[in-house]
Amino acid sequence: MCGIVGAIAARPVAGILLEGLRRLEYRGYDSAGMAVLNQGQIGRLRRIGKVQALADACAQQSLPGHLGIAHTRWATHGKPSEQNAHPHMSGERLAVVHNGIIENFEPLKRELEQQGYVFTSETDTEVVAHLLDRELKTGLDLLAALRKTMEFLEGAFALGVIHADQPEQLLTARKGSPLVIGVGIGENFIASDQLALLPVTDRFMFLEDGDIAQLEAERIQVWDAQGQVAERAISTFEHGQGSAEKGEFRHFMLKEIYEQPRVMQAVLEGRIASGHLLEQAFGSDAGAVFDRVKQVQIVACGTSYHAGLVAKYWIEELVGIPCMVEVASEFRYRPVVLPEDTLLLTLSQSGETADTLAALREVKARVLATLAICNVPGSSLVRESDLSLMTNAGPEIGVASTKAFTSQLVALMLTTIALGRRHGLSADKETALVAALEQLPELFQQLLALDGPIEAMSAHFAEKRHALFLGRNVLYPVAMEGALKLKEISYIHAEAYPAGELKHGPLALVDKEMPVIAVAPRNGMLDKLKANLQEVRARGGELFVFAGCEESIQSQEGVHVIHLPALPPVLDPIAFTLPLQLLSYHVAVLKGTDVDQPRNLAKSVTVE
Ligand code: F6R
């Protein structure tokens, strides 16, 4: 939530900051702002709305200068407005950008007001600017003032700070919110993630919790939470730069859906060979951990949580050990029971989701080991987990998660195989599973050929206000994911039910205004699902069925069927997802919503 970017360079930085903000816009887009130091004065521009509004303002009123900070906001404290937009200043000479939440800002604000500070915004961030100013006035230098200020702050933050009297330094600090330093040649940068800085560098330094860093054009110095000088490794960005661009696609979401054949290849690469899983992909210590695992606890949020629900079916069926799944925001706040030898498995595209991270930290000491399945190397979740498996999906920019989900499913199947080996999964069965996974890139290519018929189907939804998704067994979480996609980007209210629950309540909602979308596999559950679909038809409900094979269900009046290509049943949850993604996408396009940046949402939920 919120994106920050900063730069110190020999060249003007405003363009770099603007491009950084555009790339961070997925993190929040209700207002944006920038502060640049030029000839001893800080120039600041802030605009309500998207980064483009700020870019337009910059075109009218340039902000020359070699040191600057910028921010794109997702409102937490105070409505979206120019006054609440960052950077926030104390006086004319100090500017701050912040991502995170200062939980104790109210008492701090009262104290500062009593000391004569006048607040011009409703944000929690403004206390940081005034605290810094207050500490500077006690005679501390900027670095010491920042260190002192951090002592007062409770909550999570990543900060960028500039001061008119310090034209040679950009200060930054982080605790609980993501921040990377981009290492350039004769110039250095900060940002909420690496993508923001790819046009200017591919070398990054990740700060630890509690770190403060001082960036000069030629030098970076880091101090840890104890104030000791710290060394932080520099790593090179792992994805190709082109993958963060929209290319010929109209939206990032569509591009990311279409990337899935390649993503399926990438998540399998180096993880399977000659019909077997290469267990070392989980890290050299993984084997010893997997030997001891007696149950799995999965924790995640949103789409990642749905991937976890699919894994529960797989782990309990193919491994035969218990698997519990819970949303992180619930899990972290209750006294959970974790039996001996539990593997805590966290799932996250970003690796920075606040609730998932908090859940990990909460129980880390009480589990056998922690495994993160994640898409962002170097993210907090990966760094703080014992084991990790990257999903290698490449940057996901669309707020609605697509390729991240399907790649998580593949990574979860690999985890299932690793655990299954210890619990009676035969070598033959492993080979069959691996052979099925190997079909995924080609299968996804075939699934994309359904785009036309799905686009045609989407016309039935554009005027609807509600939709019901049905699935059974391992496709129930896939139906949940389909409903989430539809609601978040088209704003059509959508719910998913296990089909067997229909007559226990939701059937009351069914009439011709309530389209029902069913994912129909070709396993033993199909006949039961067909009976449920009859119940819907009998009440005038219109059915949209994604079916597993030609013979199973045919289109007829009020029943629209799209058949998927033949596929090994174990791939059902991975394969059935793509058509549902396309359906949501086309409905949203028809409705004219902002597909990549749906209202009220942001990617990477780094606050609670
Ligand atoms: C939905 C979506 C969100 C995320 C959730 C968790 O399309 O993107 O529900 O899945 O915020 O995010 P990560 O996976 O980054 O932890």
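Whatever order the structure lists ligands and atoms in, that order sets their numbers, starting from 1.
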Apply the test side-chain hydrogen bond (donor to acceptor under 3.5 Å, both in side chains) to residues Thr303 and Lys485: give CA-CA distance (whole Å), side-chain angles for both, the deciding distance (0.1 Å), then the verdict. CA-CA 9 Å; Thr303 289; Lys485 281 299 82 98; 3.1 Å; yes

For [atom], what's the nearest protein heavy atom and its distance?
| atom | result |
| --- | --- |
| atom 11 (O) of ligand 1 | Val605 CG2, 3.8 Å |
| atom 12 (O) of ligand 1 | Thr353 OG1, 3.5 Å |
| atom 15 (O) of ligand 1 | Ser350 OG, 2.7 Å |
| atom 5 (C) of ligand 1 | Cys301 O, 3.7 Å |
| atom 7 (O) of ligand 1 | Glu488 OE2, 2.5 Å |

For [X] and [Y], work out which heavy atoms get closest and say how close.
| X | Y | answer |
| --- | --- | --- |
| Glu352 | Ser380 | OE1-OG, 2.7 Å |
| Ala32 | Leu21 | CB-CD1, 4.4 Å |
| Ser385 | Leu360 | OG-CD2, 3.8 Å |

Is [X] in polar range of ligand 1, meaning some N or O pair under 3.5 Å apart?
| X | result |
| --- | --- |
| Thr303 | yes |
| Val399 | yes |
| Ser348 | yes |

Interfacing atoms of ligand 1 (cut-off 4.0 Å, heavy-atom, [X]):
| X | result |
| --- | --- |
| Ser304 | 10 (O), 13 (P), 14 (O) |
| Ala400 | 7 (O) |
| Gln349 | 13 (P), 14 (O), 15 (O), 16 (O) |
| Lys485 | 1 (C), 7 (O) |

Cation-pi check, Arg599 to Tyr491: give yes when NZ or CZ is under 6.0 Å from the six-membered ring centre and within 45° of the ring axis, no otherwise. yes

The answer for which part of Glu352 has a heavy atom under 4.0 Å from ligand 1 is neither

For the residue pair Phe544 and His560, categorise the inter-ring angle as parallel (less than 30°), tilted (30 to 60°) or perpendicular (more than 60°). parallel

Anything under 30° is parallel, anything over 60° is perpendicular, the rest tilted; go ahead and classify His251 against Tyr585. perpendicular

Verdict with reasoning, Asp596 to Ile397, per side-chain contact (heavy atoms from CB on, under 4.5 Å): CA-CA 8 Å; Asp596 285 333; Ile397 310 292; over 6 Å; no

Exactly one candidate in Gln445, Lys403, Gln581 meets side-chain hydrogen bond (donor to acceptor under 3.5 Å, both in side chains) with Gln260; the answer is Gln581

